[in-house]
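For reference, the structure discussed in these notes is given below.
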Amino acid sequence: QVQLAESGGGSVQPGGSLNLSCQASEHIYSSHSMAWFRQAPGKEREGVANFDAYGGVRYASFAQGRFIASRDNTKNTLFLRMNNLKPEDTAMYYCAAGSGSDTWLFPLATKSYNIWGQGTQVAVSS
């Protein structure tokens, strides 16, 4: 059973936008903290945005002001709207789920999450 499934990736020119989605199983969505991550070729996976327990979103500095993370609780789905994309945003984008205190102590750390989707590829080039 697929627990997390990302979609919406693709190729876009610099300055363009993309909308990513992550469909989660009901069990995962209702009982875990959720976040978006990305991994560029040759680089470590890094956090993009985390949904905190109070309905807020915490963003990595590179995402602040350009990316908008949201969720639809009726559909167990996360979204990541990415605007003004740059070549350095090229990466595989993942959604992740985790439980326990690490998800609020270290909300954008990979170690805080133990359930991962397969990712969706985003390529930004002219």
Side-chain angles (χ1 to χ4, degrees):
Q1 180 183 0
V2 176
Q3 296 179 309
L4 297 173
E6 302 91 340
S7 61
S11 297
V12 64
Q13 292 185 339
S17 299
L18 280 174
N19 291 302
L20 306 184
S21 300
C22 172
Q23 177 71 55
S25 67
E26 183 174 359
H27 167 67
I28 296 299
Y29 190 90
S30 63
S31 62
H32 288 68
S33 296
M34 308 292 292
W36 284 101
F37 283 78
R38 71 182 187 181
Q39 187 167 18
K43 295 188 177 181
E44 293 187 353
R45 193 169 297 188
E46 61 181 350
V48 177
N50 156 271
F51 296 89
D52 68 29
Y54 306 99
V57 180
R58 285 169 283 195
Y59 294 95
S61 57
F62 64 81
Q64 192 75 41
R66 295 192 300 130
F67 294 3
I68 302 172
S70 60
R71 62 196 303 173
D72 185 338
N73 294 332
T74 67
K75 299 181 179 179
N76 300 334
T77 302
L78 307 179
F79 302 98
L80 185 66
R81 168 73 176 183
M82 303 187 295
N83 298 313
N84 189 23
L85 283 162
K86 305 174 182 181
E88 52 264 41
D89 294 317
T90 295
M92 187 73 80
Y93 284 72
Y94 300 89
C95 62
S99 59
S101 59
D102 275 359
T103 57
W104 55 268
L105 287 172
F106 312 106
L108 295 177
T110 56
K111 68 176 183 177
S112 302
Y113 302 86
N114 62 327
I115 301 171
W116 297 84
Q118 291 189 328
T120 185
Q121 182 68 47
V122 171
V124 185
S125 68
S126 54

Report summary line: With sequence neighbours left out, the residues meeting ring-ring contact (aromatic ring centres under 6.0 Å, His included) with Tyr113 are Phe37
Report task. Would you kindly confirm whether Phe51 and Leu20 end up in one hydrophobic cluster when ILVMFWY residues are joined by side chain heavy atoms under 4.5 Å apart? Result -> yes
Query raised in the report: How far apart are the C-alpha atoms of Trp36 and Met82, what are their side-chain angles, what is the distance that settles it, and do they pass the side chain to side chain contact (heavy atoms under 4.5 Å, CB included) test?
Result: CA-CA 12 Å; Trp36 284 101; Met82 303 187 295; over 6 Å; no
Query raised in the report: Is it the case that one hydrophobic cluster holds both Ile68 and Val57, taking links as side-chain heavy atoms less than 4.5 Å apart, direct or via other members?
Result: yes
Requested in this report: Please list, chain by chain and in numerical order, all residues satisfying side chain to side chain contact (heavy atoms under 4.5 Å, CB included) with Thr77, sequence neighbours excluded.
Outcome: Ser21, Gln23, Lys75, Phe79
**Report entry** Under 3.5 Å donor-acceptor, Tyr59 side chain and Arg66 backbone
**Finding:** no
Report summary line: Interatomic distance, CG@Leu80 vs CG@Leu78, rounded to 0.5 Å, equals 9.5 Å
Report task. Indicate yes or no for a side-chain donor-acceptor contact from Glu6 to the backbone of Gln118 under 3.5 Å, with no hydrogens or angles considered. Result -> yes
**Report entry** Set of residues satisfying side chain to side chain contact (heavy atoms under 4.5 Å, CB included) with respect to Ile115, sequence neighbours excluded
**Finding:** Gln3, Leu4, Ile28, His32, Ala97
Report summary line: Apart from Tyr54 itself, its cluster of hydrophobic side chains linked below 4.5 Å comprises none
Query - Arg81 versus Asn19, side-chain donor and acceptor atoms under 3.5 Å - result: yes
Report task. Provide the full list of side-chain hydrogen bond (donor to acceptor under 3.5 Å, both in side chains) pairs with a residue in residues 99-112, sequence neighbours left out, each pair given once. Result -> Ser33-Thr103
Query raised in the report: Going from SG on Cys22 to OH on Tyr93, what distance comes out if it is rounded to the nearest 0.5 angstrom?
Result: 15.0 Å
Please list, one pair per line, the donor and acceptor atoms closer than 3.5 Å that link side chains of residues 119-126 to other protein atoms, with sequence neighbours excluded.
{"residue": "Thr120", "atom": "OG1", "partner": "Gly9", "partner atom": "N", "Å": "2.9"}
{"residue": "Gln121", "atom": "NE2", "partner": "Ala91", "partner atom": "O", "Å": "3.2"}

Query - Euclidean distance, Tyr29 OH relative to Arg71 CZ, rounded to 0.5 Å - result: 3.5 Å
Report summary line: Output for pair (Glu46 CD, Gln39 CD), nearest 0.5 Å, gives 9.5 Å
